[in-house]
Novice: 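Sending over a structure as structure tokens; questions will come in a sec.
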Amino acid sequence: MKVILFIVLCVILITPYDCYAFSGEKIPDPLNKIMTIYNRGIDRLEKQENEKAFTDFQQVLEAAKGMNDTDSLKIKAAAANNIGNILLLKGNPGEAEAYFRQAVSFDPSHAMAFNNLGSAFLKQGRLEEALKTFQQAIDVDPSSATAYSNLGTIFLELGMLRKAAEFNLATLRLDPTNKKSFLNLIRIYDLSNLPEDRQDTWETLIRVVGNDPDELANIIAMLIDQGSLEQAAKSLPDLIKQFPENSELKIQQARLLILKKQWSKARDILKHLIKQYPENPQVSGYMAVALLNQNELREAEKMAEESVQKFKNNGQTWYIYGAILEKEKKNNEAKKAYLQAIDKDPDNAQALNNLGVLAAKQNQAKEALTYFEKALMAAPFYEEARYNLGRALVITKTDYRRGVLMLTQVGAKPGPAGERARQFIADLETIAAGGDPGWGKESQTMSSLPN
């Protein structure tokens, strides 16, 4: 369950050097100095030497203090934006936010900095601020397909389907191959009970993707991730018939059956897949999930344990093993497995979320908050993490307003997290008076499956 945030390291394409070259004027020495440092930072970014580039861009900001001519401000804006990007990629959206704010203050026409500021808000669960900032990116650059796409995704997550459709269609006018917007529209038409429009959009997307079976399997996985199970179920049989040798399509079929609670059918497929693809960690992992959901805990644990021994570096396998151990009330062992999962895959939002729940069970509020925040950074629209973070912010009185707002947003949507959020909001008076907040609830370990 990973949401794509459109974060791009910004490089000035036409620099003040070019402008001075065209005019024949000599570049002022102070500007020449910061340009030299800035260009060194860009070279280091291209070599993926991010820490050294970070230092260069900070030197630009320090050396350019007090320089407020147009060219210097643009260089400072680009440097601040690139520092923000590096921090965002390191998982520090709060620190990144400060630099993106600097960037747009230096250069109010820097559309990418506005877009990146919106991404920083999104990773902190601050949807309203993200909406406003992505709109500012469009105001600055009406051709920004990235900002339109991000707005379309947020409106969909907020249940504002008409606005979501408007912005996703606008994205496709600017970028006719934007797969995320096609998938968003499929979900919108699904929720709006418009099966013909959904099917037409799917067929258009298939034409865009072409006949690459691996790419088609990835599209199916994304459909399942976003909850468009009916379209996935309708499309998979034909794709498997068309590409009978593609293992990933069959694996997604098993995953879909698990999510539809058709455990026996899933196991029948997985039994064949285990024989065909013994080196694929997803197959044994999903078999363990199917066994778990049929309450065959001992067999599920045995299968998962064998998987983590065989696929030691696979984060998904460790996550599933942890989920099974937690189901068996082996919380200490589960925690170790989840920690292994995020060691192998730092963006495993489900493992991070469940670590937060385990911490909450032990009244380790600060640790729980940290894990929920990290889960949300990894997957900004993961409803379980949004619910848990909102609840934790209220219970710990860390940020009551933000917590209630987050719970209200989750509660506006259907599903298990929405139902719990609505109940929690109804119980706010009892909780405020010191009532039991329900920290000891079990993780929603299998509310969705890792891709």
Side-chain angles (χ1 to χ4, degrees), residues 5-90 92-123 129-148 150 174:
L5 301 180
F6 303 93
I7 303 168
V8 180
L9 294 173
C10 176
V11 180
I12 294 179
L13 299 178
I14 299 180
T15 71
Y17 277 136
D18 300 305
C19 299
Y20 280 97
F22 295 149
S23 68
E25 296 180 39
K26 182 178 181 296
I27 302 172
D29 286 340
L31 179 61
N32 191 47
K33 178 182 177 181
I34 63 170
M35 281 292 300
T36 299
I37 301 170
Y38 177 83
N39 286 334
R40 185 176 67 200
I42 292 298
D43 288 339
R44 284 172 165 171
L45 273 185
E46 291 175 350
K47 295 174 184 175
Q48 297 185 336
E49 297 174 350
N50 286 2
E51 293 300 324
K52 291 180 180 179
F54 185 92
T55 300
D56 287 332
F57 296 135
Q58 283 188 318
Q59 288 179 2
V60 169
L61 295 181
E62 185 63 30
K65 274 185 179 177
M67 295 173 62
N68 295 315
D69 59 283
T70 301
D71 292 328
S72 298
L73 287 171
K74 285 188 177 296
I75 295 297
K76 288 198 290 185
N81 177 67
N82 288 345
I83 290 173
N85 270 317
I86 293 168
L87 288 167
L88 204 57
L89 292 170
K90 287 173 65 177
N92 300 319
E95 294 178 52
E97 175 191 338
Y99 282 98
F100 293 138
R101 287 186 183 276
Q102 279 190 48
V104 297
S105 69
F106 292 141
D107 181 7
S109 67
H110 200 320
M112 186 55 70
F114 276 112
N115 192 70
N116 290 340
L117 178 58
S119 294
F121 287 139
L122 200 57
K123 280 183 169 281
E129 290 162 286
L131 282 170
K132 179 181 177 182
T133 309
F134 288 135
Q135 184 59 62
Q136 287 176 299
I138 290 172
D139 292 341
V140 169
D141 179 10
S143 67
S144 176
T146 297
Y148 275 103
N150 283 333
L174 293 166

Novice: Are any of the side-chain heavy atoms of N81 and H110 separated by less than 4.5 Å?
Specialist: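 A side-chain contact exists here, since the closest heavy-atom pair is under 4.5 Å.
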Novice: Is there a salt bridge (Lys or Arg N to Asp or Glu O under 4.0 Å) between E51 and K90? Walk through the geometry before answering.
Specialist: CA-CA 10 Å; E51 293 300 324; K90 287 173 65 177; 3.4 Å; yes
Novice: If you look at every heavy atom in L88 and A120, which pair is closest and at what distance?
Specialist: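 Residues L88 and A120, closest heavy atoms: CD1-CA, 3.9 Å.
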Novice: What is the minimum heavy-atom distance between F57 and I83, and which atoms define it?
Specialist: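 In terms of heavy atoms, the two residues are closest at CB-CG1, 3.4 Å.
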Novice: Check M67 against L73 and note the closest heavy-atom contact, atom names and distance.
Specialist: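 Shortest heavy-atom contact: O-CD2, 4.2 Å.
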Novice: Mind checking the CG-CG spacing from L87 to N116? Nearest 0.5 Å is all I need.
Specialist: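 Answer for the CG-CG pair, L87 versus N116, is 12.0 Å.
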Novice: Nearest 0.5 angstrom please: D71 CG to I34 CD1, how far?
Specialist: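 So the gap between those two atoms works out to 8.5 Å.
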Novice: Flag the pair K123 and E97 as a salt bridge only when some basic side-chain nitrogen lies within less than 4.0 angstrom of an acidic carboxylate oxygen.
Specialist: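 Judged by the 4.0 Å cut-off on N to carboxylate O distance, K123 and E97 do not form a salt bridge.
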Novice: Write down the atom of A137, the atom of A111, and the distance for their closest heavy-atom approach.
Specialist: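 So the two residues come closest at CB-O, 3.7 Å.
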Novice: Which label fits F54 and Y99: parallel for a plane angle under 30°, tilted from 30 to 60°, or perpendicular past 60°?
Specialist: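 The rings of F54 and Y99 stand perpendicular, inter-plane angle above 60°.
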Novice: Any chance you could measure L174, atom CG, to I138, atom CD1, to the nearest 0.5 Å?
Specialist: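 Taking CG in L174 and CD1 in I138, the distance rounds to 8.5 Å.
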Novice: What distance do M35 atom CE and I75 atom CD1 have between them, rounded to the nearest 0.5 Å?
Specialist: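 That separation rounds to 4.0 Å.
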Novice: Check whether any side-chain heavy atom of F114 lies under 4.5 Å from a side-chain heavy atom of F134, and answer yes or no.
Specialist: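 Side-chain contact under 4.5 Å: no.
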Novice: With heavy-atom distances below 4.5 Å as the criterion, would you say the side chains of P108 and V140 are in contact?
Specialist: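 In short, these two side chains do not touch, never coming nearer than 4.5 Å.
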Novice: Going from OG on S72 to NZ on K33, what distance comes out if it is rounded to the nearest 0.5 angstrom?
Specialist: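 S72 OG to K33 NZ: 12.0 Å, rounded to 0.5 Å.
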Novice: Name the one of L117, V104, N115 that satisfies side chain to side chain contact (heavy atoms under 4.5 Å, CB included) with T133?
Specialist: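 The side chain to side chain contact (heavy atoms under 4.5 Å, CB included) with T133 is passed solely by L117 among L117, V104, N115.
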Novice: Which value, rounded to the nearest 0.5 Å, describes the distance between K74 atom NZ and S109 atom OG?
Specialist: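 Taking NZ in K74 and OG in S109, the distance rounds to 4.0 Å.
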Novice: Quick check: closest heavy atoms across A113 and F100, and the distance to 0.1 Å?
Specialist: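 The answer is O-CB, 4.1 Å.
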Novice: Is D107 close to K76 at the side-chain level, that is, under 4.5 Å between some pair of heavy atoms?
Specialist: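 When only atoms from C-beta onward are counted, D107 and K76 do not touch, as no gap falls below 4.5 Å.
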Novice: Does a side-chain heavy-atom distance below 4.5 Å link I86 with L45?
Specialist: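 Side chain of I86 against side chain of L45, heavy atoms only: contact under 4.5 Å found.
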Novice: Give the minimum heavy-atom separation between G118 and A130, together with the two atoms involved.
Specialist: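 It is O-CB, 3.6 Å.
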Novice: Looking at side-chain heavy atoms only, is the closest gap between N82 and I42 below 4.5 Å?
Specialist: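 SC-SC contact between N82 and I42 confirmed.
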